[in-house]
Undergrad: 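Here you go, one structure.
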Amino acid sequence: AGHFGYRKRDQHTWVQNFKLCDGKLQSPISISSFKSITLPLPALEIIGYHDFLSSPLYLKNNGHSVVVNVNNHLGKRLPYIFGGSLDINQEYEVDHLHFHWGAKNNRGSEHMLNGIRYPMEMHIVHRNRIYSSLSNALNYKNGLVVLGIFFQEEDNKSLYSIVNHLTSVRWINNETKLNTSITLGSLLPKNTDVFYSYKGSLTTPPCNEVVTWIIFSMPVPISFSQLNKFRLLSNGNNLIADNYRKLQNIGLRKVYIRKL
Ligand code: BO1
Ligand code: ZN
C-alpha cells in the first residue's frame, strides 16, 4: 500500500488506500494573487540557510522523486525557519528537499500561480521542532511547513551540484554522495519577501493535512539542459517525470499573501 502512481487513473485510486487523500484541506491548489488576502505579515526568518550543509549529503531516487536528506546533521543545528505566517514561537527545522517536474516545459509544478504551471517545483520540507521525527509530526496539524519554490527556464549555476549527480541516481533506490557541499540559501529565489501561505496537506499519500504551505512568488532559474537531466530519472518501469498531483479544491480555505 506504499505504492502510488501519478497517471490520472492512478491518482483517482489514491483515496482507496489512503483515506486522508479525500479530505477538505488537500494540496496542491491553484493560487491567484487577486483572490489572496494581503496581510501585514512579518518577514519569514530563514536561519542557517547560508551555512554549508554538513557532508556527506546523499541524493536518492525513491521512485517518486529525487530527494536530498538533510536531517542527519550530527553536531550541527539544522537550518530552520520561523516568523512569516507561522505561529509565534514555532520553529521548523529542515528535514529534506525534493522535486516535482514535468516531461515538457508546460507542466511539472504542483501549485499553479496566476494561471501558470512552472516546469518544476522544489519542496523544502520542515518539521516542527516540538516533534521528534517527521513521521511523528504527521499526526499534528502544526506538524510541517513546506517551502514551495518554482523553477523557470533560464541558466542557474547553483543547482549544478545536484543536477550533476542525477546521472548517478537514474534508477529507483540509486543513491549517491554529493561531492560538493551545498547551502539551502543558494536554492532559494533572490527575493523571499513576497510569498503566499495557506493550510494544506502532503501532496503524496498518505496526504496528511498537517502542512502550512509557503509558496514564494519569485521563481528560481533552471536551464533546459538541467531540466532534461531530471526528465531522464526512472522508477524502473517509467520515467518519474510528471510526478505532480492534480489540483485540489480550495474549498473554504483562504490564501494569504505577504508583500512589501
Ligand atoms: S510534499 O512536500 O507535500 N510533496 C511531501 C509529501 C510527502 C512527505 C513530505 C512532503 N512525506 C513522506 C514521508 C515518508 C513517507 C512518504 C509517503 O511521505 O517523509 O516517510 O513514506 O510517500
Ligand atoms: Zn513535494
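Whatever order the structure lists them in is the order used to number ligands and atoms, beginning at 1. Residues: numbered from 1 along the sequence shown.
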Undergrad: Is atom 8 (C) of ligand 1 in close reach of the protein, with a heavy atom under 4.0 Å away?
TA: yes
Undergrad: If you look at every heavy atom in Val70 and Val94, which pair is closest and at what distance?
TA: CG2-CG2, 3.6 Å
Undergrad: Ignoring angles and geometry beyond distance, decide whether Phe4 reaches within less than 3.5 Å of ligand 1 through its nitrogen or oxygen atoms.
TA: no
Undergrad: CG/Asp22 to SG/Cys207 distance, rounded to the nearest 0.5 angstrom?
TA: 9.5 Å
Undergrad: What do you reckon, does Trp213 put a non-hydrogen atom under 4.0 Å from ligand 1?
TA: yes
Undergrad: So is Pro205 in contact with ligand 1, going by heavy-atom distances below 4.0 Å?
TA: yes
Undergrad: What is the closest protein heavy atom to atom 19 (O) of ligand 1, and at what distance does it sit?
TA: Leu134 CD2, 3.0 Å
Undergrad: Give the atoms of ligand 1, by number and element, whose distance to some non-hydrogen atom of Val125 is under 4.0 Å.
TA: 2 (O), 10 (C)
Undergrad: Within 45° of the six-membered ring axis of Tyr80 and under 6.0 Å from that ring's centre, is NZ or CZ of Arg77 located there?
TA: yes
Undergrad: Among protein heavy atoms, which sits nearest to atom 1 (S) of ligand 1, and what does the distance come to when rounded to 0.1 Å?
TA: Thr203 OG1, 3.7 Å
Undergrad: Between Val211 and ligand 1, find which residue part has any heavy-atom pair under 4.0 Å and reply side chain, backbone, both or neither.
TA: neither
Undergrad: So Leu25 and Gln248, do their side chains get closer than 4.5 Å, heavy atoms only?
TA: no
Undergrad: Would you kindly confirm whether Phe230 and Leu178 end up in one hydrophobic cluster when ILVMFWY residues are joined by side chain heavy atoms under 4.5 Å apart?
TA: yes
Undergrad: Checking a contact table here: which protein heavy atom is nearest atom 5 (C) of ligand 1, and how many Å away?
TA: Leu202 CD2, 3.8 Å
Undergrad: Evaluate the 4.0 Å heavy atom contact test for atom 15 (C) of ligand 1: does a protein atom fall under the cut-off?
TA: no
Undergrad: Tell me the protein heavy atom at minimum distance from atom 6 (C) of ligand 1, and give that distance in Å.
TA: Thr204 OG1, 3.3 Å
Undergrad: Might you check, step by step, whether the distance between atom 12 (C) of ligand 1 and some protein heavy atom is under 4.0 Å?
TA: no
Undergrad: Examine ligand 1 and decide if any of its atoms is less than 4.0 Å from a heavy atom belonging to His100.
TA: yes
Undergrad: Looking at side-chain heavy atoms only, is the closest gap between Asn105 and Glu153 below 4.5 Å?
TA: yes
Undergrad: Quick check for you: with the Zn ion (ligand 2) as the vertex, what angle do ND1 of His123 and NE2 of His98 span, to 10°?
TA: 110°
Undergrad: I want to know whether Tyr118 and Phe151 have ring centres closer than 6.0 Å.
TA: no
Undergrad: Please examine the side chains of Asn128 and Gln90, heavy atoms only from C-beta on, and report whether any two atoms are closer than 4.5 Å.
TA: yes
Undergrad: Inspect the surroundings of CG in Leu252 and state if more than 12 heavy atoms from other residues, nucleotides or ligands are less than 6.0 Å away.
TA: no
Undergrad: Check contact between Arg245 and ligand 1, using heavy atoms of the residue and a distance below 4.0 angstrom.
TA: no
Undergrad: Which ligand 1 atoms does His123 reach within 4.0 Å, using its non-hydrogen atoms?
TA: 1 (S), 2 (O), 4 (N)
Undergrad: Under 3.5 Å between any N/O of His98 and any N/O of ligand 1: does that happen in this structure?
TA: yes
Undergrad: Let's go through Trp101 and Asn243 carefully: what are the C-alpha distance in whole Å and the side-chain angles of both, what is the deciding distance for side-chain contact (heavy atoms from CB on, under 4.5 Å) to 0.1 Å, and is it a yes or a no?
TA: CA-CA 6 Å; Trp101 62 92; Asn243 57 344; 3.6 Å; yes
Undergrad: Step through it carefully: locate the ring centre of His123, locate the ring centre of Trp213, and say whether they are under 6.0 Å apart.
TA: yes
